[in-house]
S.K.: 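A single structure is presented below for examination.
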Amino acid sequence: RTQIGGEILFNKSESTKEKLFEETIIALQKDLYKLAYYYVKNENDAMDILQDSIIKSYTNLHKLKDINSLDKWIKRIVINTSIDFIRKNNRLTSLGEEELINLKDSKEDNRELIHCLEDLDPQLKTIIILKYFHGYTINEIADILELSISKVKNKLHKSLELLRINFKEDNYERAIL
């Protein structure tokens, strides 16, 4: 690969694509695992999802049109594979106390917030995870999810509003009990 004017240009040969794929997977390994883990909350399932996602990505590497979006493309595959896994196993997952602490160095409020996150629609949950747990911008989230920027903004607003409501209800119920 060569760099011209700040933009990286890639040789489009398959061997170069495969080498870049390998480098990207190695570089993103921990982030991809965390992304899967946020969905399934189980180490073994997250590893299975990561493995399936890597296989799917590699198998379909020839379909990738823009090699510069390889990382976003792989993350999208991990998200879809995670959601498919949950649907296939027809189960909702909940975080255990230890897993919550490992997920984030968090205070009591953060753990409650993560519990509220579990109640969101999968796409709304994905937007929150990408924005606040992985630090992506609205534009990057739009690229990863293949949505318009305005749609991501609307869904982010909606998910934050739902989180606020759920969080307040949780705190209110806890205060009464």
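Residue numbers count from 1 along this sequence.
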S.K.: Could you walk me through whether Q123 and L147 pass the side-chain contact (heavy atoms from CB on, under 4.5 Å) check?
M.R.: CA-CA 11 Å; Q123 190 174 49; L147 296 172; 3.4 Å; yes
S.K.: Judged by atom type as modelled, is there a donor-acceptor pair below 3.5 Å linking the side chain of K56 to the main-chain atoms of Q51?
M.R.: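 Checking the backbone N and O of Q51 against the side chain of K56, no donor-acceptor pair under 3.5 Å is found.
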S.K.: How close do S159 and L124 get, heavy atom to heavy atom, and via which atoms?
M.R.: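 Closest approach of S159 to L124, heavy atoms only: CB-CB, 3.7 Å.
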S.K.: Please answer whether the main-chain N or O of K63 pairs with a side-chain N or O of N60 as donor and acceptor at a distance below 3.5 Å.
M.R.: no
S.K.: Between N42 and Y37, what is the shortest heavy-atom contact and its length?
M.R.: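 Nearest pair, atom of N42 first, then Y37: N-CE1, 3.5 Å.
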S.K.: K158 versus N154: any side-chain heavy-atom pair under 4.5 Å?
M.R.: no
S.K.: N80 versus F85: any side-chain heavy-atom pair under 4.5 Å?
M.R.: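 A side-chain contact under 4.5 Å is absent here.
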S.K.: To the nearest 0.5 Å, how far apart are CG in D45 and CG in L50?
M.R.: 12.5 Å
S.K.: Any side-chain heavy atom of L130 within less than 4.5 Å of one from I79?
M.R.: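 Heavy-atom side-chain distance check passes, below 4.5 Å.
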S.K.: State, to 0.1 Å, how close A142 and V152 come at their nearest heavy-atom pair, and which atoms those are.
M.R.: CA-CG2, 3.7 Å
S.K.: Are I55 and I77 connected into the same hydrophobic cluster when the rule is that any two of I, L, V, M, F, W, Y join if their side-chain heavy atoms are below 4.5 Å apart?
M.R.: no
S.K.: In Å, rounded to the nearest 0.5 Å, how long is the span from CD1 of I141 to CD1 of I149?
M.R.: 11.0 Å
S.K.: Compute whether any side-chain donor of one residue and acceptor of the other, for D84 and T81, lie under 3.5 angstrom apart.
M.R.: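 Checked: D84/T81 side chains show no N/O donor-acceptor pair below 3.5 Å.
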S.K.: To the nearest 0.5 Å, how far apart are CG in L20 and CG in N68?
M.R.: 8.5 Å
S.K.: Do the side chains of Y132 and L156 get nearer than 4.5 Å, heavy atoms only?
M.R.: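 Yes. Closest side-chain heavy atoms under 4.5 Å.
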S.K.: Please check if the number of heavy atoms outside E161 that lie under 6.0 Å from its CD is greater than 12.
M.R.: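 Count over threshold, so yes.
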S.K.: Shortest non-hydrogen contact from H62 to K17?
M.R.: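 Heavy-atom minimum between the residues: O-NZ, 4.1 Å.
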S.K.: Working to the nearest 0.5 Å, report the span between CG of D48 and OG of S82.
M.R.: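 Going from CG on D48 over to OG on S82, the span is 11.0 Å.
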S.K.: Taking all heavy atoms of Y39 and all of P122, pick out the closest pair and write down the distance.
M.R.: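 That closest heavy-atom pairing would be OH-O, 4.2 Å.
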S.K.: If we only count heavy atoms from C-beta on, is the T126 to I144 side-chain gap below 4.5 Å?
M.R.: no
S.K.: E43 versus Y33: any side-chain heavy-atom pair under 4.5 Å?
M.R.: yes
S.K.: Does the side-chain contact (heavy atoms from CB on, under 4.5 Å) test come out yes or no for E18 and Y58, once each step is laid out?
M.R.: CA-CA 8 Å; E18 289 173 2; Y58 184 77; 3.4 Å; yes
S.K.: Taking all heavy atoms of A46 and all of V40, pick out the closest pair and write down the distance.
M.R.: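 Closest heavy-atom pair between A46 and V40: N-CG2, 3.7 Å.
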S.K.: Tell me, yes or no, whether the heavy-atom count around K72 atom NZ, taken from other residues, nucleotides or ligands under 6.0 Å, exceeds 12.
M.R.: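 Check passes, neighbour count above 12.
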S.K.: At what distance, to the nearest 0.5 angstrom, does CD of E140 lie from OG of S69?
M.R.: 12.0 Å
S.K.: Looking at S148 and K151, would you say the former's side chain and the latter's main chain have a donor-acceptor pair under 3.5 Å?
M.R.: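 Flag set: sc S148 to bb K151 pair under 3.5 Å.
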S.K.: For the atom pair CG (L61) and CH2 (W73), what is the distance rounded to the nearest 0.5 Å?
M.R.: 5.5 Å
S.K.: May I have the step-by-step check of side-chain contact (heavy atoms from CB on, under 4.5 Å) for I128 and L160, ending in yes or no?
M.R.: CA-CA 8 Å; I128 292 290; L160 289 173; 3.7 Å; yes
